[in-house]
Asker: 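A single structure is presented below for examination.
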Number of protein chains: 2
Amino acid sequence: MTDSGAKQLHNRIASQIVERVRAQRLQAGEHLGEQDLADAFRVSRSPVRVALKLLEHMAVVQRRPNQGFFLKQGWEQLQPQPVTAGEQGEDELYYRIAEDHLSGALGLRFTERELIRRYGATRVRLTRLLTQMSDEGWLERLPGHGWEFQAVLTSVKTYEQSYRFRQLIEPLALEEPGYAIDQAAFDQVRREQQSMLDGELLRLSKAEVFRRGANFHETIVAASGNIFLIEGVRRVNRLRRLLEYHVNRDRSRLVNECRDHIDILDMIEAGDMVEAARFLRRHLSRASEAKMDLIAD
Amino acid sequence: MTDSGAKQLHNRIASQIVERVRAQRLQAGEHLGEQDLADAFRVSRSPVRVALKLLEHMAVVQRRPNQGFFLKQGWEQLQPQPVTAGEQGEDELYYRIAEDHLSGALGLRFTERELIRRYGATRVRLTRLLTQMSDEGWLERLPGHGWEFQAVLTSVKTYEQSYRFRQLIEPLALEEPGYAIDQAAFDQVRREQQSMLDGELLRLSKAEVFRRGANFHETIVAASGNIFLIEGVRRVNRLRRLLEYHVNRDRSRLVNECRDHIDILDMIEAGDMVEAARFLRRHLSRASEAKMDLIAD
DNA sequence: GGTTGCATTTTGTCAACACAAGAGACAGAA
DNA sequence: TTCTGTCTCTTGTGTTGACAAAATGCAACC
């Protein structure tokens with residue numbers, strides 16, 4: 001199965017090159033060294049070379065014989081690239097399987113063969129996905145043949161617990177000694193939240209709204225520097241994304257959440273961690289109650 | 001590659017049958033229904049049947065034509081089975097790879113092919129292991145070919161963070177509302193710890209000592225009922241097992257740890273959760289300091 | 001009716017091969 | 001030198017067929 005594009009390595013690299021040019025604010029005419037790029041993206045020169053040829057075709061770079069590629073357009077003329085980089089490693093099929101389980105289309109037990117037939121996926125890809133899912137705890141390999149969904153995804157209890165967990169963990173992260181802000185990341189998060197307040201909220205897809213919310217929480221926890229705290233929050237969010245996929249949230253409530261988020265950013269950047277932690281606790285508990293109402297329907 | 005035994009499904013089932021007979025205290029002469037067992041172990045009748053034939057060979061059960069298998073020995077005459085059940089799903093190769101990385105035998109970057117050649121492992125098995133490892137965060141798939149170890153396993157920082165994480169999480173778990181003891185599990189843990197105090201400590205393998213320690217912590221957290229807390233602790237312990245594999249601990253210190261553990265069990269069972277949480281914090285902080293000294297060498 | 005005994009179907013793993021594509025080596029131009 | 005251009009070697013994935021073993025269906029028996 002030849003993938004449409006996003007999954008081809010050189011396509012991803014091409015996007016990354018553009019992104020890099022923008023990040024480094026490179027002017028038209030500057031030289032793009034193959035080995036430089038290869039090192040930056042941790043690949044060999046081969047895929048970089050293909051990517052550059054691609055960009056030449058798009059008139060972004062120009063080739064000079066025996067001198068390599070040079071920027072034809074300055075960084076300001078380049079389109080920001082869609083977030084393929086963040087999406088990287090996430091498989092669409094992952095969500096499709098979860099979806100089909102939640103909607104009842106996929107029974108409690110199933111065999112790999114069944115999935116291969118149903119989704120037309122290949123064995124290796126499935127093996128990877130399934131082990132990942134079982135590692136995340138919502139799928140289990142049976143001793144003999146087949147797999148079985150755990151009750152995790154469907155039970156309200158899990159949902160409550162996920163909020164409880166965040167309520168315990170996240171404020172603690174804020175109060176960790178050595179808490180150090182990554183200003184660039186914080187600025188990015190602030191922009192994302194503010195733009196939603198400014199009306200973009202209604203235009204964005206459910207998935208994007210969720211991503212931004214999760215990103216906020218992951219970023220403020222990440223500043224604690226403790227990899228286990230970060231991983232814990234990430235893990236919960238991945239599961240939460242599946243759980244909330246079917247819940248249609250009241251968008252006006254979301255406005256309040258965004259305000260909370262920005263307030264919390266303010267407190268953290270002002271260095272008032274105790275207050276930020278307290279506020280975060282309240283924020284999470286309010287959010288939790290709101291969601292429980294929705295699920296109770 | 002025909003495995004020696006532990007990995008064959010029917011062998012595992014045979015062990016599980018014995019375990020079940022002991023757990024249910026079945027007398028000699030009792031009937032063992034195939035479907036019953038199959039349901040209990042979530043497999044079909046086929047492997048159960050093979051397992052029973054195996055047990056017949058070992059004179060544990062007796063077959064009566066057209067009536068199935070009957071216990072020949074009462075539960076008290078049966079040997080407790082080695083913990084193949086707990087070991088289930090863990091791959092020896094997993095630890096071997098970690099070991100080889102820590103000892104420097106395996107470079108920072110490597111290809112799957114390299115591992116196949118080096119360990120004589122099969123592709124599927126490796127794929128599963130590698131995705132698991134990358135899920136656990138200490139290995140990363142490169143965009144092109146190959147894999148790369150993260151700095152997680154080697155850095156002292158990770159080690160500190162793992163203790164910090166436990167110090168935050170575990171006491172909180174004890175104070176969760178709805179904390180409910182699984183008495184059987186607690187009794188088991190208590191036996192494990194007490195027997196080490198009674199001198200068994202010197203005879204046990206490093207791996208078993210670690211397992212018991214980890215089991216203690218996971219069990220008391222498990223009683224909180226929150227799956228995210230439990231998973232968090234489990235995850236840290238898996239990593240910690242790798243990190244501590246190379247540290248030779250002072251066994252006399254371990255005696256103190258065992259005493260602490262038993263004290264904590266006492267407090268919890270007495271319902272004094274606040275005191276238990278406080279003591280647990282101190283316990284973890286002491287243990288952390290002790291280990292840091294060792295690593296500093 | 002429910003269970004065993006047996007036969008049949010299905011599944012998952014492994015080995016082998018083909019192929020696209022990434023990694024690495026080397027000569028030659030700047 | 002240092003980097004490009006080109007070439008070869010290696011890697012990873014997809015596919016197929018074989019085989020052991022797990023799942024399943026059915027007749028026979030208690």
Asker: Check the distance between D/dA23's P and A/Leu142's CG and give it to me in whole angstrom.
Answerer: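 So the two atoms are 8 Å apart, to the nearest Å.
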Asker: Determine to 10° how strongly the helix from C/dG1-D/dC30 to C/dA30-D/dT1 is bent, judged from the axes of its five-pair ends.
Answerer: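 Taking five pairs per end, the axes differ by 40°.
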Asker: So, is A/Gln67 close to the D/dT2 phosphate, meaning a side-chain N or O under 4.0 Å from OP1 or OP2?
Answerer: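 The answer is no; no side-chain N or O of A/Gln67 sits under 4.0 Å from OP1 or OP2.
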Asker: Grab the two heavy atoms, one from B/Val236 and one from B/Ser162, that are nearest each other, plus how far apart they are.
Answerer: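 B/Val236 and B/Ser162 have their closest heavy atoms at CG1-CB, 3.9 Å.
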Asker: Do B/Tyr95 and B/Arg241 meet the criterion of a side-chain donor-acceptor pair at a distance under 3.5 Å?
Answerer: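 Yes, side-chain donor-acceptor contact under 3.5 Å.
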Asker: With a 4.0 Å limit, can you tell me whether B/Arg117 has a side-chain N or O closer than that to the phosphate oxygens OP1/OP2 of D/dT11?
Answerer: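 The answer is yes; a side-chain N or O of B/Arg117 sits under 4.0 Å from OP1 or OP2.
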Asker: Please report the distance, rounded to the nearest Å, between CZ in A/Arg141 and C1' in D/dA23.
Answerer: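 Whole-Å distance recorded here is 15 Å.
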Asker: Map A/Ser46 and A/Pro65 onto DNA chain C by nearest heavy atom, then report which one ends up closer to the 5' terminus.
Answerer: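 It is A/Ser46 whose nearest nucleotide is closer to the 5' end.
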Asker: Per the salt bridge (Lys or Arg N to Asp or Glu O under 4.0 Å) rule, what does the pair list look like for residues 24-44 of chain A, sequence neighbours excluded?
Answerer: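 Matches after skipping sequence neighbours: A/Glu34-A/Arg45, A/Glu34-A/Arg49, A/Arg42-B/Glu140, A/Arg42-B/Glu148.
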Asker: Starting at CZ of B/Phe70 and ending at C1' of C/dT3, how long is that distance when rounded to a whole Å?
Answerer: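 So the CZ-C1' distance, B/Phe70 to C/dT3, works out to 10 Å.
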Asker: Return the 5'-most residue of the pair B/Arg128, B/Arg113 with respect to DNA chain C, ranking by each residue's nearest nucleotide.
Answerer: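 Comparing both residues, the 5'-ward one is B/Arg128.
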Asker: Between residues 49-63 of chain B and DNA chain C, which residues have a heavy-atom gap below 4.0 Å?
Answerer: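 B/Arg49, B/Arg63, in order of number.
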Asker: Just the rounded figure in Å: distance from C1' of C/dG5 to CZ of B/Arg64.
Answerer: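 One finds 17 Å between C1' of C/dG5 and CZ of B/Arg64, rounded.
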Asker: Check A/Glu136, A/Glu99, A/Gln132 against A/Tyr94 for a side chain to side chain donor-acceptor pair (under 3.5 Å) and give me the one that passes.
Answerer: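 Of the listed options, the one satisfying the test is A/Glu136.
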Asker: Mind jotting down which residue pairs meet the salt bridge (Lys or Arg N to Asp or Glu O under 4.0 Å) criterion with at least one end in residues 50-59 of chain A? Sequence neighbours excluded, please.
Answerer: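 For residues 50-59 of chain A: none.
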Asker: Salt-bridged, B/Glu208 to B/Arg211, with N to O below 4.0 Å?
Answerer: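 Between B/Arg211 and B/Glu208 there is a salt bridge, with a charged N closer than 4.0 Å to a carboxylate O.
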Asker: Would B/Asn237 and B/Arg234 count as having a side-chain donor-acceptor pair, cut-off 3.5 Å?
Answerer: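 No.
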Asker: Counting distance only, does the side-chain N/O of A/His145 pair as donor-acceptor with the main-chain N or O of B/Ser44 below 3.5 Å?
Answerer: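 No.
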Asker: Which one, D/dA22, D/dG14, C/dA21, comes nearest to the side chain of A/Gln8?
Answerer: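 Selected nucleotide: C/dA21.
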Asker: Of B/His145 and A/Val124, whose closest DNA chain D nucleotide lies nearer the 5' terminus?
Answerer: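 Counting from the 5' end, the first nearest nucleotide belongs to B/His145.
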Asker: Please state how far atom CZ in B/Phe69 lies from atom P in C/dT4, giving the value in whole angstrom units.
Answerer: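 Roughly 9 Å, once rounded to whole Å.
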Asker: Please find the pair of heavy atoms, one from A/Ala121 and one from A/Leu93, that lie closest to each other, and give the distance.
Answerer: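 It is CB-CD2, 3.7 Å.
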Asker: Just how far, in rounded Å, is P of D/dT24 from CZ of A/Arg109?
Answerer: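 The distance from CZ of A/Arg109 to P of D/dT24 comes to 9 Å, rounded to the nearest Å.
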Asker: Return the value, rounded to whole Å, for the distance between atom CZ of B/Arg125 and atom P of C/dC14.
Answerer: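 So the CZ-P distance, B/Arg125 to C/dC14, works out to 8 Å.
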Asker: Is there any salt bridge (Lys or Arg N to Asp or Glu O under 4.0 Å) pair reaching into residues 60-72 of chain A, and which pairs are they, with sequence neighbours excluded?
Answerer: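 Not a single pair qualifies under salt bridge (Lys or Arg N to Asp or Glu O under 4.0 Å).
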Asker: Please assess B/Thr131 against A/Thr131 for the test side chain to side chain donor-acceptor pair (under 3.5 Å), listing each intermediate value before the final yes or no.
Answerer: CA-CA 7 Å; B/Thr131 49; A/Thr131 49; 3.1 Å; yes
Asker: Using a strict heavy-atom distance below 4.0 Å, which residues from residues 23-44 of chain B are in contact with DNA chain D?
Answerer: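 Within residues 23-44 of chain B, the residues near DNA chain D are B/Val43, B/Ser44.
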Asker: If you look at every heavy atom in A/Leu126 and A/Glu112, which pair is closest and at what distance?
Answerer: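 Result for this residue pair: CD1-O, 3.9 Å.
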Asker: State which of D/dC30, D/dA22, C/dA30 makes the closest approach to the side chain of A/Asn66.
Answerer: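 In terms of side-chain proximity for A/Asn66, the closest of D/dC30, D/dA22, C/dA30 is C/dA30.
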Asker: What does B/Thr111 touch in the nucleic acid at a heavy-atom separation under 4.0 angstrom: a base, only the sugar-phosphate, or nothing?
Answerer: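 Here B/Thr111 touches the backbone only, sparing every base.
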Asker: Where the side chain of B/Arg45 is defined as all heavy atoms beyond and including C-beta, which of C/dC6, C/dG22, D/dA23 is the nearest nucleotide?
Answerer: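 My answer, after comparing the listed nucleotides, is C/dC6.
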Asker: Between A/Leu115 (CG) and C/dT11 (C1'), how many Å, whole number?
Answerer: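 In whole Å, C/dT11 C1' lies 13 Å from A/Leu115 CG.
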